[in-house]
Amino acid sequence: MEIQLWKELLDPYDQAVSELLVKFRNLKEEHRRKNLYSPIESVSGRVKTVSSILEKMQNKGISFEQMEEEVEDIAGIRIICQFVEDIERVAELIEHRSDMVIRSRKDYLANQKKSGYRSLHLIVWYTVQTIDRPKTLQVEIQIRTMAMNFWATTEHSLQYKYKGSIPPHVVEKLTRASDAIELLDQEMSQVRAEIMDAQIDSQIETNLVKDILHSIENLYRLDNKREVVKIQNEFYRIFSQHNLEELERFRRQLDIIAEGSRAQSVDTKETSFIRT
Ligand code: 0O2
């Protein structure tokens, strides 16, 4: 393949990664906006380097004609979750999307690799719109916990350092570390419900405060400034109590006040219109 063609070939993969990053980050934000627990903690992505593609082709005897079919991870998305249980939830979310179709699934959680690697891989078909035509390509989505990611990232660097032949004493340590990671994930799962509640409460508080400040700002434009300062001080007092019910009650009261102010402002405008 001529060297210029690599860029042409990889551009749609670049586009796919950029689009999917936006989509998965939005999915996380949508959960937050709706005060729901997000099974997605963070998302990253990359297009495989030419040297890495060539290496894989050489190792597996893949020809250039077969490359796009056989090298499934030219475009790669990595989704990091907090808990093992979240991994399947993310897989379900992907399964129900209309903009990608799961081609295959490699479950290295149920079938841990000999190296100790654990992760769920979904190979999906995804279509990008290019100037010339739509192009459907494969994307590998790796889904794993933060702990699994820590292990995989470290082990990957060692594989690079030792060119795939990690010395047995290092392999042994990595295997022990992988077992410890599995145990850590199990321990964290025990407190999952509590952590989820805490995170949802914190999100509800963030959204309530955002709404309240927005209302206060609107009131400041319409209402008696001295009254609004009093309202703001009351907000600070309630906020310091860290009581969600009280904050919610305060927000409802503010809505009523804001409604009254708006009605008054419309009245005043209409009266002054009639007078002129
Ligand atoms: P990169 O881009 O540097 O991450 P297979 O024929 O199925 O055995 P294949 O086709 O490579 O092999 O698929 P597989 O096993 O699903 O691996 C794809 C990617 O998963 C790898 O990409 C790694 O990112 C990750 N992975 C798989 N096994 C391991 C492992 O033992 N340790 C770590 N750290 N990561 C692993 P590449 O090709 O390594 O390239």
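Checking Glu140 against Gln142 by side-chain atom types alone, a donor-acceptor pair falls below 3.5 Å. Using modelled atom types, one finds no donor on one side chain facing an acceptor on the other under 3.5 Å when comparing Gln203 with Gln199. With hydrogens and angles left out, the side-chain atoms of Tyr126 and Lys23 include a donor and acceptor closer than 3.5 Å. Remark: the Gln190 side chain and the Gln186 side chain contain no N/O donor-acceptor pair separated by less than 3.5 Å.
Phe250 CZ to Asp211 CG: the interatomic distance, rounded to the nearest 0.5 Å, is 12.5 Å. Once rounded to the nearest 0.5 Å, the distance linking CD of Glu19 with CD of Gln15 reads 4.5 Å. Remark: Ile79 CD1 to Arg144 CZ distance equals 11.5 Å, nearest 0.5 Å. Within the model, atoms OG1 of Thr154 and NE2 of His156 stand 11.5 Å from one another, a figure rounded to the nearest 0.5 Å. Note that CD of Glu155 is 9.0 Å distant from OG1 of Thr175, once rounded to the nearest 0.5 Å. How far CD of Glu246 is from OG of Ser240: 11.0 Å, rounded to the nearest 0.5 Å.
The one candidate from Arg89, Met196, Lys28 that meets the side-chain contact (heavy atoms from CB on, under 4.5 Å) condition with Pro39 is Arg89.
Under a 4.0 Å N-O distance rule, the pair Arg103/Glu69 qualifies as a salt bridge. A salt bridge is defined here as a Lys NZ or Arg NE, NH1 or NH2 lying under 4.0 Å from an Asp or Glu carboxylate O, and Glu72 with Lys106 meets this definition.
Sequence neighbours left out, the pairs with a member in residues 45-63 that pass salt bridge (Lys or Arg N to Asp or Glu O under 4.0 Å) are Arg46-Asp73, Lys48-Asp73, Lys56-Asp73.
In this structure, Val209 is a member of the same hydrophobic cluster as Ile216, with clusters built from ILVMFWY side-chain heavy atoms closer than 4.5 Å. Under the 4.5 Å side-chain heavy-atom criterion for grouping Ile, Leu, Val, Met, Phe, Trp and Tyr, Met146 is not connected to Val191 through any hydrophobic cluster. Under the 4.5 Å side-chain heavy-atom criterion for Ile, Leu, Val, Met, Phe, Trp and Tyr, Val71 and Ile141 are members of the same hydrophobic cluster. If you chain together hydrophobic residues whose side chains sit under 4.5 Å apart, Val43 and Ile80 never meet in one group. Linking Ile, Leu, Val, Met, Phe, Trp and Tyr residues whenever their side-chain heavy atoms come within less than 4.5 Å leaves Val101 and Val139 in two separate clusters.
Glu70 places no side-chain N or O within donor-acceptor distance of the main-chain N or O of Met67, the cut-off being under 3.5 Å. Under the 3.5 Å distance criterion, the side-chain polar atoms of Ser52 are left unmatched by any main-chain donor or acceptor of Thr49. The backbone N or O of Gly116 sits less than 3.5 Å from a side-chain atom of Ser178, completing a donor-acceptor pair. At distances below 3.5 Å, at least one donor-acceptor pair connects side-chain atoms of His96 with backbone N or O atoms of Glu92. Gln232 places no side-chain N or O within 3.5 Å of a backbone atom of Glu217 that could act as its donor or acceptor partner. With Lys225 contributing its side chain and Tyr220 its backbone, the two residues share a donor-acceptor pair below 3.5 Å.
Stacking of Lys163 on the aromatic ring of Tyr160 is recorded, both the 6.0 Å distance cut-off and the 45° axial limit being met.
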Between Arg176 and Glu172, is the salt bridge (Lys or Arg N to Asp or Glu O under 4.0 Å) condition met? List the steps. CA-CA 6 Å; Arg176 277 215 300 274; Glu172 195 188 314; 3.3 Å; yes
If you apply the rule salt bridge (Lys or Arg N to Asp or Glu O under 4.0 Å), what do you find for Lys230 with Glu234, and how did you get there? CA-CA 6 Å; Lys230 271 195 219 157; Glu234 177 62 1; over 6 Å; no
Could you check Ser189 against Glu85 for side chain to side chain donor-acceptor pair (under 3.5 Å), going step by step and ending with a plain yes or no? CA-CA 8 Å; Ser189 289; Glu85 292 80 356; 3.0 Å; yes
Run Tyr13 and Glu68 through side chain to side chain donor-acceptor pair (under 3.5 Å) and show every step you take. CA-CA 10 Å; Tyr13 289 87; Glu68 286 193 81; 2.6 Å; yes
Step by step, work out the side chain to side chain donor-acceptor pair (under 3.5 Å) result for Asp86 and Tyr37. CA-CA 10 Å; Asp86 300 337; Tyr37 169 79; 2.6 Å; yes
What's the verdict on salt bridge (Lys or Arg N to Asp or Glu O under 4.0 Å) for Arg33 and Glu30, showing C-alpha distance, side-chain angles and the deciding distance? CA-CA 5 Å; Arg33 278 196 299 274; Glu30 196 185 340; 5.4 Å; no
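Nearest heavy atom pair, residue Leu21 against residue Ser44, reads CD2-C, 3.5 Å. Shortest non-hydrogen contact noted between Val90 and Cys81 is CG2-SG, 3.9 Å.
The aromatic rings of Trp151 and Tyr117 sit tilted, their planes meeting at an angle between 30° and 60°.
Annotation for Phe150: atom CZ does not count as buried by contact number, only 12 or fewer foreign heavy atoms lying within 6.0 Å.
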